[in-house]
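Please read the structure below before turning to the comments.
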Amino acid sequence: QSYQPCEAQSAIIPRLRSKILARQQQPGYLKDTAYVDLLDSLAFAYFRISVDSLVFYSDKAMALATKLGYVRGQSVSLRHKGNAYFELGDYSKMLQYYQDALRVAEKANDSLLMAKAMYNIGNNAYLVIGRDEDARNILKKAADIFQARKDSLALYQAIAVIGRLWTYDEKYEEALSCFNRALQVAT
């Protein structure tokens, strides 16, 4: 699996590292949820670039989020850790981390965090291991939340993946319906 890092993604790494260093100069930064968010952002910036860095920063963010009781940070860190296992091809651990992220989001009753974890479960985990029907179902739940929360980019992505799943089953009418809906959301 060979990926070329996107220029925008790799270009943001120095900016995020600079923001983290600046935050570390401020007193009390280890009690700041914004610092956790920066660590999580840096972890995600390393997705498809460096698994080691992705794991390093998501672990740091998770440890601090747990210490602070920052549930959003915990859920995001768990999703990023799942992304690392996706890159490593360990789909069992990937699914476990995504499901943990969903459980944390459910405990926090944060629908957007739940939808993002559901998206990862459907798009990455279930899709890769061939659980297409489960993928469609959980992606539909995520899409409903994205629509209710007016997150058009995430809604577009979820609908497009559902359409792609229908093409795998050679159900082209359903696929076309999803792709048309995704197009409407995008424009």
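There is no path of hydrophobic side-chain contacts, each under 4.5 Å, that joins Leu155 to Leu176. Residues Tyr172 and Ile162 are members of separate hydrophobic clusters, defined by side-chain heavy-atom contacts under 4.5 angstrom among Ile, Leu, Val, Met, Phe, Trp and Tyr. A continuous path of hydrophobic side-chain contacts links Ile129 to Ile138 [ILVMFWY only; heavy atoms under 4.5 Å].
The only option from Leu16, Ile13, Ile20, Val36 that meets the side-chain contact (heavy atoms from CB on, under 4.5 Å) definition with Ser41 turns out to be Leu16.
Interatomic distance, CZ of Arg164 versus CZ of Arg136, reported as 12.0 Å (0.5 Å rounding). Taking CG from Leu95 and CZ from Phe86, the interatomic distance works out to 13.0 Å, rounded to the nearest 0.5 Å. Once rounded to the nearest 0.5 Å, the distance linking OG of Ser75 with OH of Tyr70 reads 10.5 Å. For the atom pair CG (Asp169) and CG (Leu165), the distance works out to 7.5 Å, reported to the nearest 0.5 Å. In this structure, NE2 on His80 lies 9.0 Å from CG on Asn120, to the nearest 0.5 angstrom. One distance of note links CG of Asn180 with CD1 of Ile159; it measures 11.0 Å at 0.5 Å rounding.
Across all their heavy atoms, Leu139 and Ala158 have their closest contact at O-CB, 4.1 Å. Looking at every heavy atom in both residues, Phe179 comes nearest to Gly163 through CZ-C, 3.4 Å. Across all their heavy atoms, Ala182 and Ala160 have their closest contact at CB-N, 4.3 Å. Considering all non-hydrogen atoms of both residues, Ala108 and Val71 come closest at CB-CG1, 3.3 Å. Considering all non-hydrogen atoms of both residues, Ile121 and Tyr98 come closest at CG1-CB, 3.4 Å. The heavy-atom pair separating Glu87 from Phe47 by the smallest distance is OE2-CE1, 3.6 Å.
You'll find the side chain of Leu64 stays beyond 4.5 Å of the side chain of Thr33, heavy atoms only. Within the 4.5 Å cutoff, the side chain of Met62 has no heavy atoms near those of the Lys81 side chain. Side-chain atoms of Lys141 and Asp144, non-hydrogen and from C-beta on, never get closer than 4.5 Å to each other. Within the 4.5 Å cutoff, side-chain heavy atoms of Asp100 are placed close to those of Arg103. Put simply, the side chain of Val76 reaches to within 4.5 Å of the side chain of Leu113, judged on heavy atoms. Within the 4.5 Å cutoff, the side chain of Asn124 has no heavy atoms near those of the Tyr91 side chain. Looking at Arg72 and Asp37, their side chains come closer than 4.5 Å, going by heavy atoms from C-beta outward. Contact annotation: the side chain of Ile145 approaches that of Met118 to within less than 4.5 Å [non-hydrogen atoms, C-beta and beyond].
Applying the 6.0 Å contact sphere to OH of Tyr156 captures no more than 12 heavy atoms from other residues, nucleotides or ligands. Crowding of Glu173 atom CD: a count of heavy atoms from other residues, nucleotides or ligands under 6.0 Å not exceeding 12.
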Next on the checklist: As a quick check of understanding, evaluate side-chain hydrogen bond (donor to acceptor under 3.5 Å, both in side chains) for Tyr35 and Gln26, giving each step before the final call.
Outcome noted: CA-CA 10 Å; Tyr35 181 67; Gln26 298 174 357; over 6 Å; no

Next on the checklist: Evaluate Asn123 against Val128 for side-chain contact (heavy atoms from CB on, under 4.5 Å), listing each step before the verdict.
Outcome noted: CA-CA 8 Å; Asn123 182 53; Val128 169; over 6 Å; no

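Using a 4.0 Å cut-off between a side-chain N of Lys or Arg and a carboxylate O of Asp or Glu, Arg79 and Asp40 do not qualify as a salt bridge. Salt-bridge annotation for Arg23 and Asp32: present, with a side-chain N of the basic residue lying under 4.0 Å from a carboxylate O of the acidic one.
Qualifying ring-ring contact (aromatic ring centres under 6.0 Å, His included) partners for Phe146, counting only residues two or more places apart in sequence or in other chains: none. Evaluation of the side-chain hydrogen bond (donor to acceptor under 3.5 Å, both in side chains) rule for Gln96 yields no partner, not counting sequence neighbours.
A donor-acceptor distance shorter than 3.5 angstrom exists from the side chain of Ser58 to the backbone of Val55, with no hydrogens or angles considered. Although no hydrogens or angles enter the test, the distance criterion places a donor-acceptor pair under 3.5 Å between the side chain of Ser50 and the main chain of Ser53.
Under 3.5 Å, the side chains of Tyr168 and Asp132 contain no donor-acceptor pair of N or O atoms. For the residue pair Tyr97 / Asn83, no side-chain donor-acceptor distance below 3.5 Å is found, with atom types taken as modelled.
Annotation: cation-pi pair Arg131/Tyr126 present, NZ/CZ under 6.0 Å from the ring centroid and within 45° of its normal.
Ring pair Tyr57/Tyr46 is parallel by interplanar angle, where below 30° counts as parallel and above 60° as perpendicular.
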